[in-house]
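One structure is given below, encoded as structure tokens.
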Amino acid sequence: MSSLEPKIDPPAPGGSCPGATHEHGHALPILHEIRHALERLLAGGESTCIDLHSMPFGPGDLERLTAVLGSGEVQARVEALGPTLIRETAIPGVWLVDYRSLEDQRLSYQIEIAAIPEILRPRPEDLAESLGVLEARLAESGLDATPNASPPSS
Amino acid sequence: MRKRPDKTLGESLRDHGLSRRGFLKLCAATASLMALPPSMVPAIAAALEQARRPSVIWLSFQECTGCTESLTRAHAPTLEDLILDFISLDYHHTLQAASGDAAEEARFQAMEENKGRYLVIVDGSIPGPDANPGFSTVAGHSNYDILMETVEHAAAVIAVGTCAAFGGLPQARPNPTGAMSVMELVRDKPVINVPGCPPIPMVITGVVAHYLVFGRLPELDGYGRPLAFYGQSIHDRCYRRPFYDKGLFAESFDDEGAKQGWCLYRLGCKGPTTYNACATMKWNDGTSWPVEAGHPCLGCSEPKFWDAGGFYEPVSVPLTLGPTTLLGAGAAGAVVGGGLATLARKQRKEEAGARQPVTVDELEQKLSTTPP
């Protein structure tokens, strides 16, 4: 049994739970996948989406991954079927997209490697209707009735 | 009046005021739910737009309602989404408002109106045709008669939970009720097994979503389980696997190895011989799962897991592969793991053949002689 004596690593500084601070090694392959996806985006404009829900992460793996990716300048929120939170990482073109339900539970958590995350773009069908929507709203507002009116001077 | 499933899912969702971005999000969540790559989202969107909500009849037999409890805690999509948008749940003892004759009438009406197209979901095992039907009845009819009558014109049957899929706890020796699984009784219809005690809620909804998106049943393994969720062993997807490969094992529940989160193989983890999606889909809204909580996998999605030896005894290791050999295997852990799984399965087959049945009398005698 002596050969099976566990070799215990010293706990990481500042860590309260040794199990949680252990490096499981699952963040690194995802970071390499992001690197390949970025290369494809730069070379041919191809965007990639990685579903973090399907990864066999252990405690702390996701935190390690997001810590390496860091935070960028853009944060966005889409309200459709509950909130979707979009956060740019410190690497331009790499986005964290957090789909949440109406009860604010996570439905899916994805990394998108793209110029703009898909959910932020208007749907083509919506875009096609946008002129009509503007005209309808303009007519509804009543502003269109007096086209030559200028604001009263005080 | 009961809502007829005559609208497409797209129409139904628009009636609910769902925006196009909301629909895209639903499709992204559905892809994630079905363990499909995000690149499939456009195909899923096109299919869901045209899908028609199938009528579903849910039959509960010898069960603990744990499977329904599991489903009602599904968060992606919520049960509400599932009932309102994905399926037309026309009969379910626990969830339907109607009772007595009205409930049974709802079942007959759904069967008549959707002949050849409805899905039957079964949870719980069934006392077989030769067993005393009095062990489990609904409205005075035996489980067996109700099952056979309901599946006659069904498109497919989904056996939810290990009891329905493999007999489960009721079938554990000595099997006093003569419990049988759905696939042992239903031979002329496609049967999809979604085992687990209970199954992961998202796997239940994932199978239904697959049927909606692709209009056919998912690809199954030798035990009738969808490969998308049961295609890989717990061991192969376990975040503790690198410790196994390095030969680092917890030897007890409170030693340093356990605290460091090392492999639970020697504490009885059935991960190498168990096929399920716990390691990635996790439980309680993706919070954790048994191995992450420090407990070995019990193997609840495998046939006869109750009779497969102690929960806290390691899966069988052949004599030629002692602990030292195991440790020496090191980086070749994957090969050894696969080999062990095969050997363990073989041994379980042999054990099953040699196992002595225990009678109820013997059990009662044992209980009466055991000090409290």
Side-chain angles (χ1 to χ4, degrees), chain A residues 1-9 11 17-26 46-62 78-84 97 99-112 118-127 129, chain B residues 13 18-26 28-33 35-39 41 75-78 80-81 202 232 234 236-243 246-251 255-262 266 277 279-282 285-286 288 291-292 294 323-324 326-328:
Chain A
M1 233 15 216
S2 61
S3 60
L4 291 175
E5 280 301 313
K7 285 173 276 178
I8 298 162
D9 298 328
C17 173
T21 54
H22 198 99
E23 173 60 74
H24 299 290
H26 300 299
E46 182 191 342
S47 57
T48 306
C49 187
I50 301 168
D51 186 1
L52 295 175
H53 246 190
S54 62
M55 301 298 164
F57 283 156
D61 279 329
L62 184 60
V78 175
E79 286 295 342
L81 202 74
T84 301
V97 184
Y99 295 98
R100 306 191 79 88
S101 71
L102 290 166
E103 293 83 28
D104 206 30
Q105 291 165 323
R106 183 168 283 166
L107 296 173
S108 185
Y109 196 36
Q110 303 183 349
I111 292 180
E112 273 195 57
E118 198 56 36
I119 192 104
L120 283 182
R121 294 174 186 274
R123 301 285 84 217
E125 302 90 332
D126 287 336
L127 202 56
E129 293 166 8
Chain B
L13 289 169
L18 186 72
S19 72
R20 291 193 173 99
R21 272 204 185 92
F23 186 63
L24 179 74
K25 176 175 173 173
L26 178 80
T30 306
S32 185
L33 176 75
L36 290 172
S39 55
V41 168
H75 64 285
T78 63
E80 197 186 353
D81 292 333
M202 289 176 293
Q232 286 176 303
I234 292 283
D236 285 341
R237 306 226 74 188
C238 181
Y239 76 94
R240 295 193 190 218
R241 175 62 185 266
F243 295 114
K246 288 177 195 160
L248 296 172
F249 300 98
E251 301 288 343
D255 69 0
E256 274 308 310
K259 289 174 190 166
Q260 294 284 337
W262 290 354
R266 293 203 177 148
T280 47
M281 298 192 113
K282 303 190 179 181
D285 302 349
S288 185
V291 168
E292 191 171 331
T324 324
L326 256 185
L327 187 66

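Remember, predicted model here, so these are calculated numbers, not experimental data. Lettering of chains follows the sequences in order, A, B, ..., and the numbering in each one begins at 1.
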Can you tell me how far apart OG1 (B:Thr280) and CG (A:Asp51) are? Round to the nearest 0.5 Å.
9.5 Å
Donor-acceptor pair, distance only, cut-off 3.5 Å: does the side chain of A:Glu112 make one with the backbone of A:Glu118?
yes
Please identify, among A:Ile50, A:Val97, A:Thr84, the residue contributing the most non-hydrogen atom pairs under 4.5 Å to chain B.
A:Thr84
Ranking B:Arg20, B:Lys282, B:Arg237 by heavy-atom pairs under 4.5 Å to chain A gives rank one to B:Arg20
Can you list everything that forms a salt bridge (charged side-chain N to carboxylate O under 4.0 Å, His left out) with A:Glu79? Sequence neighbours excluded, please.
A:Arg77
Using only atom types and a distance under 3.5 Å, with no angle test, would you say the side chain of A:His26 pairs donor to acceptor with the backbone of B:Tyr239?
yes
Under 4.5 Å to a heavy atom of chain A? For B:Ser19 that would be side chain
